[in-house]
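Just so you know, ligand 1 is whichever comes first in the structure, and atom 1 is the first atom listed for that ligand.
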Amino acid sequence: MLQQSSYRAFTLRDLPTIPQVAAMPPDLRLQLRAVASVLPFRVNRYVIDHLIDWSRVPEDPIYQLTFPQPGMLDAGDLATMTGLLHREASSREVEAAVRAIQHRLNPHPAGQVDLNVPIEDGREVRGVQHKYGQTVLFFPAQGQTCHAYCTYCFRWAQFVGLEDMKFAGKEAGELVAYLQRHPEVTSVLFTGGDPLVMRTALLRRYIEPILAARLPHLASIRIGTKALAYWPQRFTEGPDADDLLRLFEEVQDHGMHMALMAHSSHPRELQTEVARAALRRVRATGTVIRCQAPLIRRVNDDPAIWAELWREQVRQGAVPYYMFVERDTGPKEYFKVPLARAHAIFRGAYREVSGLGRSVRGPSMSATPGKLVVDGVLEVGGRPYFALKFLQARNPDWVGRIFLAEYSSTAAWLDELRPAHGASEFFFAAEMDEIRRRRVRQRQTLGPRSGASLRLVPAEPR
Ligand SMILES: *Cc1c(COP(=O)(O)O)cnc(C)c1O
């Protein structure tokens, strides 16, 4: 029997009311409060009671995934924050310290500012990002939060209210008009935050106009979500869940593929009774669940975990899709896994699963020029190199191109890699510079009322 349960979020303010937290030693509680004041924090009853194994805290992977950790701040910042909280400093003083620390945490990962928001007729098409020809991302204004927050979230800045970063979406009408002007687009991906924090009636206001427009070029609608992990009740309980499943069917009745792009970090998330029920219900509508997640130290940096994760996905009829490299924002140092190790973990897991699990691709970096997979380590003339390949690219000509970088055991992102054989830059670098320059010129045409010079966009999805 599945228990009816209503959603309840716990944020910084509610920390003391979580019994498992109240039972922690006072100094650990103070540290937790200190870090949660700086980084986004939000969990819910289901995550606390059914996903975290409290007998293994703090090492427990789901605890690491959802509760901010002392090691995520540098020692000085942590001491500052615990000091302020310990002496019950004024909220103004605490707030000022928090903002200063947040701004040092690279809220805008490299290249993310405004390369992807389309500019047409002298203004930005708000709520839309269009980086790869076939796929448009849409950020519904009212889907910009999640059922719980991941501590490594690359969109963390939008959750802690740093100025100018909250991504305002816009009306579905504008999205439809944009799609009508762009017949090259075959896929719309709703993202956020988590679009499934919206009630179905609200989600319908975004999706129904797309269906009504009967765009012949549109082949799929996707929703990026972590709800299967953090709040599977979204699919199993009450009339709103039933209506969501009906909406998924309606998309398919209009001749389109419906996909859930499920953020799936750890096998435990898929193994509760309610999660299994949720997957079955979603699948019963014909919706395909494709699973993706970043590789995160202390959460899932182990080939055995990924092999089990992919096997569990296949067992429940979901499709392993991407393994991502964690991007360079927020408490990156705490979570980062170097590319060499990421590839070793990927390969270690990949060889343990059947071909049904090998639909996965990775480890993949969503970098400024495109999605780049570390495809292997290659020896040429007795020296190791990384073989890299574009899975997606800003210029479609780059897709599928394989190229080499000097091997490094420590590099964790594209900008830490050097081209092989002493080349001064990667083959795409000059054109990438040209794309940036063109963008700067284009932005100069923006009308004064767009506010565009102030606005920063959130990082793109992985
Ligand atoms: C990953 C990503 C997509 C979707 O790519 P697929 O390979 O089609 O899943 C679309 N836009 C951006 C900006 C992305 O990073």
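Interface atoms of ligand 1 facing Tyr322, defined by a heavy-atom separation under 4.0 Å, are 6 (P), 7 (O), 9 (O). Every atom of ligand 1 is numbered from 1 in the order shown, and the set under 4.0 Å from a heavy atom of Gln392 is 5 (O), 6 (P), 7 (O), 8 (O). Near Lys371, meaning under 4.0 Å from any of its heavy atoms, are these atoms of ligand 1: 1 (C), 2 (C), 3 (C), 5 (O), 14 (C), 15 (O). Within ligand 1, the atoms closer than 4.0 Å to a non-hydrogen atom of Leu137 are 10 (C), 11 (N), 12 (C), 13 (C), numbered from 1 in the order shown. Proximity to Arg222 (heavy-atom distance under 4.0 Å) selects the following atoms of ligand 1: 6 (P), 8 (O), 9 (O). Below 4.0 Å from some heavy atom of Thr135 lie the following atoms of ligand 1, by number and element: 8 (O), 10 (C).
A distance of 6.0 Å or more separates the ring centres of His147 and Tyr46. Separation of the Phe386 and Tyr407 ring centroids falls under the 6.0 Å cut-off. The six-membered or imidazole ring of Tyr230 lies away from that of His263, with a centre-to-centre distance of 6.0 Å or more.
Using cut-offs of 30° and 60° for the angle between ring planes, the Phe248 and Phe235 rings count as tilted. Classified by interplanar angle (parallel below 30°, tilted 30° to 60°, perpendicular above 60°), the ring pair Phe403/Phe427 is perpendicular. Taking the six-membered ring for Trp and thresholds of 30 and 60 degrees, Phe426 and Phe428 have nearly parallel ring planes, at less than 30 degrees apart.
By the criterion of a heavy-atom distance under 4.0 Å, neither the backbone nor the side chain of Asn116 is placed next to ligand 1. Neither the backbone nor the side chain of Gln134 comes within contact range of ligand 1; no heavy atom lies under 4.0 Å. Proximity of Arg394 to ligand 1, defined as any heavy-atom pair under 4.0 Å, is not found for any part of the residue.
Pairs passing the side chain to side chain donor-acceptor pair (under 3.5 Å) check and including a residue from residues 341-355, sequence neighbours excluded, read Asp301-Arg341. Under the ring pair (Phe, Tyr, Trp, His ring centres under 6.0 Å) criterion, the residue pairs touching residues 287-306 are Trp306-Trp310, with sequence neighbours excluded.
In terms of polar-atom proximity, defined here as any N/O pair under 3.5 Å, Tyr321 does make such a contact with ligand 1.
Under the 4.0 angstrom criterion for non-hydrogen atoms, Gln129 is not in contact with ligand 1.
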